[in-house]
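This structure is a prediction, so every number in the text was calculated from the model and none was measured.
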Amino acid sequence: MAVTGWLESLRDAEKTALLQDGRRKVHYLFPDGKEMAEEYDEKTKELLVRKWRVKSALGALGQWQIEVGEPAPHGAGNLGPELIKESNANPIFMRKDTKVCFQWRIRNLPYPKDVYSVSVDRKERCIIVRTTNKKYYKKFSIPDLDRHKLPLDDSSLSFTYANCTLIISYQKPKEVLAAESELQEMLKKVKMAHGSDGDCRTQ
């Protein structure tokens, strides 16, 4: 089964863990050289961050690509306050899951709720967000379902809108919930280091 295959790859990865600032940070190094880093709330066990890094053809480490969590500000610190203020008006897309749902937030969308359409494209295996006023369009995949080779289901998709933020939720399939539960059991066996501020041993 695909779910088992993904769990096996996690089981085979070299794992290190660090408890820091109330977060359990886990670093995975896969046999093919890919790296994955996750951060969990130590109390609730909710996933806060997941990011990936791959080596280039020449063996150089690439930039971390964020899958779950707050996107890193682009070039902040190099821009003047006027430019930062202007860029903050652009839509900001991020994923922040709950225990039972994959969830995405798109901030800075000022249009009324009734202009938004959120749908599943099964052929392209993605979710599509569009507006009837043609002011916004976005499509994105659910990597977890791709890794588990599970189909997308329209009935699992819902969305709400408030405070200029579109919140899109997709109910996690039972296979994913079972795999996440098994992963938590697996991570309990990883020896945990305790770090202070600035400790980067997980990376």
Side-chain angles (χ1 to χ4, degrees), residues 1-30 34-54 62-73 92-107 118 125-127 129 138 140-150 152-153 156-160 165-195 197 199-203:
M1 278 178 62
V3 173
T4 305
W6 171 238
L7 279 173
E8 284 300 325
S9 67
L10 292 175
R11 192 173 282 116
D12 293 343
E14 183 182 319
K15 295 178 283 293
T16 55
L18 174 71
L19 184 62
Q20 184 181 44
D21 301 328
R23 293 187 176 201
R24 181 173 43 152
K25 302 181 178 184
V26 186
H27 179 268
Y28 306 78
L29 178 60
F30 296 94
K34 281 185 183 177
E35 295 176 76
M36 182 175 79
E38 293 183 325
E39 296 182 19
Y40 293 88
D41 185 296
E42 179 59 16
K43 289 182 180 177
T44 66
K45 310 303 181 191
E46 283 192 12
L47 178 67
L48 303 173
V49 174
R50 179 186 290 135
K51 53 188 179 179
W52 291 85
R53 184 164 67 175
V54 298
Q63 294 290 318
W64 284 103
Q65 301 297 317
I66 295 176
E67 181 181 313
V68 178
E70 195 84 33
I92 299 171
F93 177 84
M94 65 169 287
R95 176 173 156 187
K96 186 181 186 305
D97 291 352
T98 69
K99 283 281 185 69
V100 297
C101 287
F102 304 120
Q103 195 171 87
W104 302 263
R105 293 165 188 262
I106 310 175
R107 299 179 188 149
V118 182
R125 292 187 56 79
C126 66
I127 293 173
V129 182
K138 175 93 180 169
F140 56 92
S141 63
I142 307 179
D144 307 70
L145 298 188
D146 292 339
R147 286 190 285 266
H148 294 319
K149 295 182 169 57
L150 294 171
L152 275 73
D153 183 359
S156 298
L157 185 66
S158 62
F159 74 95
T160 185
T165 301
L166 189 68
I167 301 174
I168 302 159
S169 300
Y170 187 97
Q171 197 84 19
K172 291 178 181 177
K174 62 181 185 300
E175 294 91 344
V176 170
L177 293 172
E180 289 180 348
S181 177
E182 194 167 332
L183 174 60
Q184 289 303 314
E185 290 301 313
M186 193 191 306
L187 293 179
K188 287 178 183 177
K189 299 172 185 174
V190 179
K191 188 176 179 181
M192 184 110 58
H194 292 263
D197 290 341
D199 196 325
C200 297
R201 277 176 286 175
T202 56
Q203 296 180 16

**Message:** Testing the basics here: between K51 and I66, what is the closest heavy-atom pair and its distance to 0.1 Å?
**Reply:**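 That would be CB-CA, 4.0 Å.
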**Asked** If you look at every heavy atom in E35 and L29, which pair is closest and at what distance?
**Response**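 Residues E35 and L29, closest heavy atoms: CG-CD1, 3.8 Å.
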**Message:** Evaluate L10 against M36 for side-chain contact (heavy atoms from CB on, under 4.5 Å), listing each step before the verdict.
**Reply:** CA-CA 10 Å; L10 292 175; M36 182 175 79; 3.7 Å; yes
Nearest-0.5 Å distance, [atom1] of residue [X] to [atom2] of residue [Y]:
X    : Y    : atom1 : atom2 : answer
R53  : Q65  : CZ    : CD    : 11.0 Å
I106 : T165 : CD1   : OG1   : 9.5 Å
Q103 : R95  : CD    : CZ    : 10.5 Å
I127 : L157 : CD1   : CG    : 5.0 Å
E182 : L7   : CD    : CG    : 5.0 Å
R125 : L145 : CZ    : CG    : 6.5 Å

**Message:** So for atom NZ, which belongs to K99, do other residues, nucleotides or ligands contribute more than 12 heavy atoms lying within a distance under 6.0 Å?
**Reply:**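 Yes, because the 6.0 Å sphere around NZ of K99 holds more than 12 heavy atoms from other groups.
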**Item:** Residues, nucleotides or ligands: over 12 heavy atoms within 6.0 Å of K15 NZ
**Value:**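 For K15, atom NZ is crowded (more than 12 foreign heavy atoms under 6.0 Å).
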**Message:** With a 3.5 Å distance limit and no angle check, can you tell me whether R24 reaches the backbone of E38 through a side-chain donor-acceptor pair?
**Reply:**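 Flag not set: sc R24 to bb E38 has no pair under 3.5 Å.
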Taking C-beta and beyond as the side chain, do [X] and [Y] meet within less than 4.5 Å on heavy atoms?
X    : Y    : value
Q171 : D153 : no
Y40  : V49  : no
L152 : Y170 : yes
M94  : R107 : yes
E67  : D144 : yes

**Presence of salt bridge, R147 and E180, under 4.0 angstrom** =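 Salt bridge between E180 and R147, a charged N being under 4.0 Å from a carboxylate O: no.
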**side-chain contact (heavy atoms from CB on, under 4.5 Å) between V26 and V190, worked out** = CA-CA 9 Å; V26 186; V190 179; 5.6 Å; no
**Prompt:** Mind checking whether W104 and F140 have parallel, tilted or perpendicular rings, split at 30° and 60°?
**Reply:**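 Tilted.
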**Prompt:** Can you list the steps and then say if E175 with K149 is a salt bridge (charged side-chain N to carboxylate O under 4.0 Å, His left out)?
**Reply:** CA-CA 10 Å; E175 294 91 344; K149 295 182 169 57; over 6 Å; no
**Request:** Apply side-chain contact (heavy atoms from CB on, under 4.5 Å) to the pair V100 and K172, showing each step before the final yes or no.
**Result:** CA-CA 6 Å; V100 297; K172 291 178 181 177; 5.7 Å; no
